[in-house]
Amino acid sequence: MLAMVLERVGQPLVARELATPVPGPGEVLLRVEACGVCRTDLHVVDGELPGVRPPVTPGHEVVGIVEALGSAVTGLETGRRAGVCWLGGACGKCRYCLMGMENLCDAPEFTGYTRPGGFASHILARAAFCVPLAARDDPVATAPLMCAGLIGWRALEKAGDGRALGLYGFGAAAHLLTQLAVGQGRKVFAFTRAGDSEHQAFALAQGACWAGDAEALPPEPLDAAIIFAPAGDLVPLALRAVRKGGRVVCGGIHMSDIPTFPYELLWEERELVSVANLTRGDAASYFAAPERCGVHANTTVYPLEKANEALADLREGRLFGAAVLCP
């Protein structure tokens, strides 16, 4: 099998021919059809997440075809299309797993971080953490849903039912969530880097009713805001934009330090919360949601060998929507 491997943190990925793994008990081997490129992959490559242990193959927005089954696998069969997400495994025994909060497991496995990911021609995954997909699901269009779509879905649940929703950072997750939120009858206000008229126009094309600089106030107070960009200085800006009793959700796995800000921004029962990882329940509810059917990922496709180019385009903000690697 071919894999794009991180051999040194902060260095470009290297193409390597590796032995194709054999699935063990409870595991499946998938032939990768498409793998989305997520900002979390950048955090892994750049060493912004703790404990990155090269060599590691990044990638956790995976769609593929099951080629081999280990023993004791149920719910999947060879030839079936399936997805692989960021949460690659959980212990099932800690207090969080027993409380139905496997996203906070004390001994988790993460695809493309602590176990090999989908920047490869094949991937070995725990069958119980795969998402069964339909034969009609387009691999390229579906791959970004495995994280960008799902993290937006979980963040939206945290944000509550308010009608006026602000999104800070308009990348893969925000463009998918905008379409879904508009389908629910919400008003979406998109915030980008100052002067980024191209991404603001892109946000409007996805259904946002307003788009502007992150430093600007929206034309009306927000019921809730979700921050996707990994910039801590957006937190006080979002708190300033939400109404009394409103909520700000931090949707990323990594964020720069949040600067000090006056208490009055948090006062009047505003709330600041975070989203950590995903659960299998998130995937089940997302793919079953009727409004998800109207969501279409805007994708830029790269050959697997161009993974470094895709990561660079993501890092520099040159993408509109999501990058997807195809072996």
Undergrad: Around atom CZ of Arg115, are there more than 12 heavy atoms of other residues, nucleotides or ligands at under 6.0 Å?
TA: yes

Undergrad: Would you please indicate yes or no on a ring centroid separation below 6.0 angstrom for Phe110 and His60?
TA: no

Undergrad: Show your reasoning for whether salt bridge (charged side-chain N to carboxylate O under 4.0 Å, His left out) applies to Glu269 and Lys244.
TA: CA-CA 6 Å; Glu269 301 196 352; Lys244 292 182 285 187; over 6 Å; no

Undergrad: When you check the side-chain N and O atoms of Trp153 and Asp282, is any donor under 3.5 Å from an acceptor?
TA: no

Undergrad: Given the rule that I, L, V, M, F, W and Y join up when any side-chain heavy atoms are under 4.5 Å apart, are Leu69 and Val32 in one cluster?
TA: yes

Undergrad: Less than 4.0 Å between a side-chain N and a carboxylate O, is that true for Glu109 and Arg126?
TA: yes

Undergrad: Between Glu27 (side chain) and Gly24 (backbone), is there a donor-acceptor pair under 3.5 Å?
TA: yes

Undergrad: Under 30°, 30 to 60°, or over 60°: which ring-plane class applies to Phe320 and Phe202, parallel, tilted or perpendicular?
TA: perpendicular

Undergrad: Taking atom types as modelled, is there a side-chain donor on Gln179 or His296 under 3.5 Å from an acceptor on the other?
TA: no

Undergrad: What pair of heavy atoms forms the shortest contact from Ala143 to Gly36, and how long is it?
TA: CB-N, 3.7 Å

Undergrad: Taking C-beta and beyond as the side chain, do Cys91 and Asp106 meet within less than 4.5 Å on heavy atoms?
TA: no

Undergrad: For residues Val84 and Cys130, determine if any side-chain heavy atom of one lies less than 4.5 Å from a side-chain heavy atom of the other.
TA: yes

Undergrad: I'd like to know if the side chain of Asp41 reaches the main chain of Cys38, judged simply by a donor and an acceptor atom lying under 3.5 Å from each other, with no hydrogens or angles considered.
TA: yes

Undergrad: Does any donor atom in the side chain of Gln200 or Thr192 lie under 3.5 Å from an acceptor atom in the other side chain?
TA: yes

Undergrad: Which pair of non-hydrogen atoms, one from Glu215 and one from Ala194, has the smallest distance, and what is that distance?
TA: OE1-CB, 3.9 Å

Undergrad: Under a 3.5 Å distance rule, please check whether Asp213 uses its side chain to pair with a backbone N or O of Gly195 as donor and acceptor.
TA: yes

Undergrad: For Asp138, check salt bridge (Lys or Arg N to Asp or Glu O under 4.0 Å) against everything at least two apart and list the hits.
TA: none

Undergrad: Kindly give the heavy-atom pair with the smallest separation between Val131 and Cys85, and that separation in Å.
TA: CG2-SG, 3.8 Å

Undergrad: Distance alone, cut at 3.5 Å: any donor-acceptor contact between the side chains of Asp313 and Tyr302?
TA: yes

Undergrad: Is the number of heavy atoms from other residues, nucleotides or ligands within 6.0 Å of CZ (Arg315) greater than 12?
TA: yes

Undergrad: Should Tyr286 and Leu167 be counted in the same cluster of Ile, Leu, Val, Met, Phe, Trp and Tyr side chains packed under 4.5 Å apart?
TA: yes

Undergrad: Might you point out which heavy atoms bring Cys97 and Gly92 nearest each other, and give the distance in Å?
TA: SG-N, 3.3 Å

Undergrad: What pairs of residues pass the salt bridge (charged side-chain N to carboxylate O under 4.0 Å, His left out) test when at least one of them lies in residues 216-236, not counting sequence neighbours?
TA: Lys187-Glu220, Asp223-Arg243

Undergrad: Using a 6.0 Å cut-off, check whether atom CD of Glu157 has over 12 heavy atoms from anything other than its own residue.
TA: no

Undergrad: Hey, is the main chain of Leu2 close enough, under 3.5 Å, to the side chain of Ser121 for a donor-acceptor pair?
TA: yes

Undergrad: Under a 4.0 Å N-O cut-off, is there an ion pair linking Glu67 with Arg31?
TA: yes

Undergrad: Ignoring hydrogens and geometry, is there a side-chain-to-backbone donor-acceptor pair from Arg81 to Val66 under 3.5 Å?
TA: no

Undergrad: Would Arg292 pass as a cation-pi partner of Phe287, given that its NZ or CZ must be under 6.0 Å from the six-membered ring centre and within 45 degrees of the axis?
TA: no

Undergrad: Determine, using the 4.5 Å side-chain heavy-atom cutoff (strictly less than), whether Val188 and Leu180 are members of one ILVMFWY cluster.
TA: yes

Undergrad: Between Thr178 (side chain) and Gly207 (backbone), is there a donor-acceptor pair under 3.5 Å?
TA: no

Undergrad: Judged by atom type as modelled, is there a donor-acceptor pair below 3.5 Å linking the side chain of Thr299 to the main-chain atoms of Val301?
TA: no

Undergrad: Are more than 12 heavy atoms from other residues, nucleotides or ligands located less than 6.0 Å from atom CD of Glu198?
TA: no

